[in-house]
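As structure tokens, the structure follows; a few thoughts come after it.
Numbers here are sequence positions counted from 1.
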Amino acid sequence: MSNHPKVFISYSWSNPDHENWVVNLAERLVADGVDVTIDKWDLKEGQDKYTFMESMVRSNDIQRVLIILDKKYADKAEQRAGGVGTETQIISPQIYENVSQEKFIPIVTEKDDKGDAHMPTYLKGRIYLDFSEQTDFENNYENLLRNIFKRPAYSKPKIGTPPPYLFEDTPHHQKTSSLVRSFDNLVNKNPNRLNPMIRDFLDEYYTSIDEFVITFTSRDTIEAGKTICDNIQSYTPLRDDFILFFDKVFKLGDQFDIDILIHFLERTPQLTYPRDERGQWYDGDYDNFRFFVHEIFLYLIALGLKNENYMVIEELLHSNYFFKSRYEDKANPKHFTELYGHIASIKQYYNQAFSQNFFSPMADLIIKRIPKGMSKDQLIDADLLCHYVAELSGSYWFPITYIYRSRGNLDLLGKLVSQRFFEKVKGLFNVANAEEFQNLLQSYKEQNKNPERVSYSGSFDRVLPIYEIVEIDNVATIR
């Protein structure tokens, strides 16, 4: 179609009011880029009006024929009377022979006392545009214009790809996946359902994770390492549900109760030892759960960064966690670093399986498991942020994934020179203003006697101290 689609308008010539309405419509269409043909403008003295009309209806250059309907037009069409009757005899075969024909558009301008459109029999069943009410003219005019230019307000979306879980051999967790898929619809309809929905998801996640308890058949180091790695891979669909769910939650900003998530995280260390009363067990028996807890915490921080939901990150990094172990009657407040879950039990198997001595098989496995929708650097940034916040608060979190970063340093730190950005993220460092943050950095710099210490043994790469990335005197100095 050219930039100026061609349209012919058919209407009742014997109704002056109708004729004026049609001319006004035609003028409006022309002003909006439509090449309109009507007898009032284009039929010249000496021409045969029926031949003219027939040439318009049959012409391949005419993309749309607008049939302007009122009671008089409908009556004449039924009776095959006058010019309308002649047009009807030409148009109706075109419609009957081409049932999917979009060329002919009924435009209804009058309705009877019952509210039914005045339409001749040959047009009944056709979808029409309703111009019978002047108050709704603009909406219907836009619909007409969109039809002519083939730019509908609602377009059929492209066919997507089937959900991967349909083709997975690993167990699929129907309840968590169902909550992910129904999230947008349920929350949009009833925002008050958000917190109960988060509780339902976390309860279901916690229940589902029990099926990943390992019963080891051998204490062979290689075989045990393989069992743990296979178990971690089989857990991936459940983990992906967790990531997808909280990606949606974090997009909503602070519309949810963060304590629901904090209380859930407080329960996770209980996964790293037996929930029954067994007498003998090995610490490595629950390394898969240590991996799970460490990984989902990293993803929560990464999702906060991805969605610029700094409030969530601040709460996750600075809340007191009242963890309760099986050996303590009282829950004591602890730092987020208690969720750190270094595991060494897969090292021999993993190095052997990939014929490489990794600095950290756990880190490599985390990187290899990054799902679609998340980037490697987002996850590594989360790991680094945990490290820097822990260091500044006197705790320790070794960022095991740092050697996989493909570019520079943590992006967030480079932006702290901006006053506006600093105000957004200052809560991540638990400070009230730029001066307090500068003092914190200076104090840490003076106390840090070994800035080279944060690195893997034998690696040339190291984690730079925060004060080597953030110029202390330049914090929040530009807009």
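Distance alone, capped at 3.5 Å, places no donor-acceptor pair between the Q233 side chain and the D230 backbone. In this structure, the side chain of D70 does not engage the main chain of V108 through any donor-acceptor pair within 3.5 Å.
Partners of D61 by side chain to side chain donor-acceptor pair (under 3.5 Å), not counting sequence neighbours: none found. Partners of N288 by side chain to side chain donor-acceptor pair (under 3.5 Å), not counting sequence neighbours, listed by chain and number: N231. For E471, there are no salt bridge (charged side-chain N to carboxylate O under 4.0 Å, His left out) partners, not counting sequence neighbours. The salt bridge (charged side-chain N to carboxylate O under 4.0 Å, His left out) test applied to D254 returns no partner, not counting sequence neighbours.
A salt bridge does not link K426 to E436: none of the charged side-chain nitrogens sits closer than 4.0 Å to a carboxylate oxygen. In this structure, D200 does not pair ionically with K175, as no charged nitrogen and carboxylate oxygen lie closer than 4.0 Å. The residues D203 and R267 are annotated as salt-bridged, a charged nitrogen and a carboxylate oxygen being separated by less than 4.0 angstrom. Residues E204 and R199 are not paired through a salt bridge, judged by the lack of any N-O separation under 4.0 Å between the basic side chain and the carboxylate. Ion pair D240/K372 not flagged as a salt bridge, since none of the NZ, NE, NH1 or NH2 atoms sits closer than 4.0 Å to an Asp/Glu carboxylate oxygen.
A heavy-atom distance below 4.5 Å is not found between the side chains of N430 and S393.
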For residues 412-421, which side-chain donor-acceptor pairs fall under 3.5 Å, sequence neighbours excluded?
unit_1, atom_1, unit_2, atom_2, d
S418, OG, R420, N, 3.4
S418, OG, F421, N, 3.2
S418, OG, R479, O, 3.2

In a table with atom names and distances, give each donor-acceptor pair under 3.5 Å that connects a side chain of residues 302-321 to protein atoms at least two apart or in another chain.
unit_1, atom_1, unit_2, atom_2, d
K306, NZ, D247, OD2, 3.0
K306, NZ, G373, O, 3.1
N307, ND2, D247, OD1, 2.9
N307, ND2, L303, O, 2.9
N309, OD1, V312, N, 3.3
N309, ND2, F250, O, 3.0
N309, ND2, G253, O, 3.0
E315, OE1, S319, OG, 3.3
H318, NE2, L428, O, 2.6
S319, OG, E315, O, 2.6
Y321, OH, L316, O, 2.6

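Both the sub-6.0 Å distance and the 45° axial angle are satisfied by R28 relative to the ring of Y141. A cation-pi arrangement, defined by a distance under 6.0 Å to the six-membered ring centre and an angle within 45 degrees of its axis, is absent between K44 and F52.
Taking the six-membered ring for Trp and the full ring otherwise, the centers of F437 and F422 sit less than 6.0 Å from each other.
Results of the side-chain contact (heavy atoms from CB on, under 4.5 Å) test with L66 over N147, L144, L129 single out L144 as the only residue that passes.
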